[in-house]
Amino acid sequence: AAQGRLTLNGVAVLAGDFVTVADIAAGNLAFQGASNFNSAAATGAFTFRVRDDGGTANGGTDTAAATNTLNFTIAAVNDAPVNTLPATGWTTFEDVSVSLSGPSAGLSVSDIDAGTTLISVELKVTTGTITTSGNVTGGTVSGSGSTTVTLTGTVANINTYLATANRLTYVPATNAN
């Protein structure tokens, strides 16, 4: 199902499969929610019928006619944000600044849980400084000219800022090499 899957000892349970009371009591029956299934109506359900070993002699039945439904709520978890960086980093000459932003810079962020809420991204250097130009649409940029710059805004707006040329510039410490 789109919400996840029901397993018995790690193997998918299919319609018509039999699950013993002993397996249920031992915790062998499990539901694994689907990755990132975190809508406001995050619920799941499965139907089942009860079967016993009472036998079918004298008109008896092993399986109940009634179908039962087990409903449950799927709680979202906070997935970690992902930072994308250029594979090769940046190189500059002594006393020459380098742009860290722009279409080919390779910086971006993602956070499946953030939606349109504000997030913060902190950029740090150990030597030199980072200078900034402009602001994140609907957010803020702070710390220009220091070793730590913080961008606050939606994921989309921060990524637009990072993809715009000359928004972030690394300024190396004088005579650093």
Side-chain angles (χ1 to χ4, degrees), residues 1-89 101-124 135-142 148-164 167-168:
Q3 297 93 348
R5 68 184 208 139
L6 190 63
T7 61
L8 179 63
N9 291 317
V11 178
V13 175
L14 305 174
D17 283 355
F18 181 74
V19 179
T20 67
V21 170
D23 277 328
I24 295 170
N28 297 330
L29 183 65
F31 178 83
Q32 174 66 50
S35 272
N36 303 316
F37 181 74
N38 57 4
S39 70
T43 60
F46 66 89
T47 58
F48 64 96
R49 293 190 328 173
V50 177
R51 183 170 98 182
D52 66 18
D53 61 359
T56 57
N58 302 317
T61 60
D62 280 344
T63 305
T67 299
N68 302 286
T69 301
L70 178 63
N71 296 300
F72 46 92
T73 301
I74 302 166
V77 297
N78 185 12
D79 296 293
V82 176
N83 301 313
T84 301
L85 304 169
T88 58
S101 61
S104 61
L107 281 180
S108 67
V109 296
S110 64
D111 188 341
I112 190 100
D113 302 315
T116 58
T117 60
L118 299 182
I119 66 165
S120 291
V121 174
E122 200 171 79
L123 304 166
K124 291 184 177 186
N135 227 339
V136 172
T137 302
T140 60
V141 176
S142 63
T148 304
V149 168
T150 303
L151 311 175
T152 301
T154 65
V155 169
N157 289 345
I158 288 174
N159 283 332
T160 298
Y161 184 89
L162 293 172
T164 303
R167 291 290 190 163
L168 297 169

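These figures come from a predicted structure and were not determined experimentally. Note that the numbering runs from 1 along the sequence shown for the chain.
Residues V13 and L29 are in side-chain contact: their nearest non-hydrogen atoms beyond the backbone lie under 4.5 Å apart. Side chains of N159 and V109 form a contact here, defined as non-hydrogen atoms less than 4.5 Å apart.
Residues satisfying the ring pair (Phe, Tyr, Trp, His ring centres under 6.0 Å) test with F46, not counting sequence neighbours, are none. Taking T20 as the reference, D23 meet the side chain to side chain donor-acceptor pair (under 3.5 Å) condition, with sequence neighbours excluded. A search for side chain to side chain donor-acceptor pair (under 3.5 Å) contacts involving E122 returns K124, not counting sequence neighbours. T116 is linked by a side-chain contact (heavy atoms from CB on, under 4.5 Å) to nothing, counting only residues two or more places apart in sequence or in another chain. In terms of the side-chain contact (heavy atoms from CB on, under 4.5 Å) criterion, residue partners of T67 (sequence neighbours excluded) are, by chain and number, T47, R49.
Nearest heavy-atom pair across N68 and V50 is ND2-CG2, 4.0 Å. Between A12 and R5, the shortest heavy-atom contact is CB-NH1, 3.7 Å. Closest heavy-atom contact between I112 and D79: CG2-OD2, 3.4 Å. When all heavy atoms are compared, the tightest approach of I119 to A114 is CG2-CB, 3.7 Å.
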Please list, one pair per line, the donor and acceptor atoms closer than 3.5 Å that link side chains of residues 150-158 to other protein atoms, with sequence neighbours excluded.
unit_1: T152; atom_1: OG1; unit_2: S120; atom_2: OG; d: 3.2
unit_1: T154; atom_1: OG1; unit_2: N157; atom_2: N; d: 3.0
unit_1: T154; atom_1: OG1; unit_2: N157; atom_2: ND2; d: 3.4
unit_1: N157; atom_1: ND2; unit_2: T137; atom_2: O; d: 2.8

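Interatomic distance, CG of D17 versus OG1 of T7, reported as 11.5 Å (0.5 Å rounding). We find the OG1-CG distance between T84 and L107 to be 9.0 Å, quoted to the nearest 0.5 Å. In this structure, OG in S108 is found 8.5 Å from CG in N83, a value given to the nearest 0.5 Å.
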- T148/L123 under side chain to side chain contact (heavy atoms under 4.5 Å, CB included): CA gap, chis, key distance, verdict: CA-CA 6 Å; T148 304; L123 304 166; over 6 Å; no
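Judged purely by atom type and a 3.5 angstrom limit, Y161 has no side-chain atom pairing as donor or acceptor with the backbone of N135. Between the side chain of T140 and the backbone N or O of V136 there is no donor-acceptor pair closer than 3.5 Å. Between the side chain of S101 and the main chain of L168, a donor-acceptor pair closer than 3.5 Å is present.
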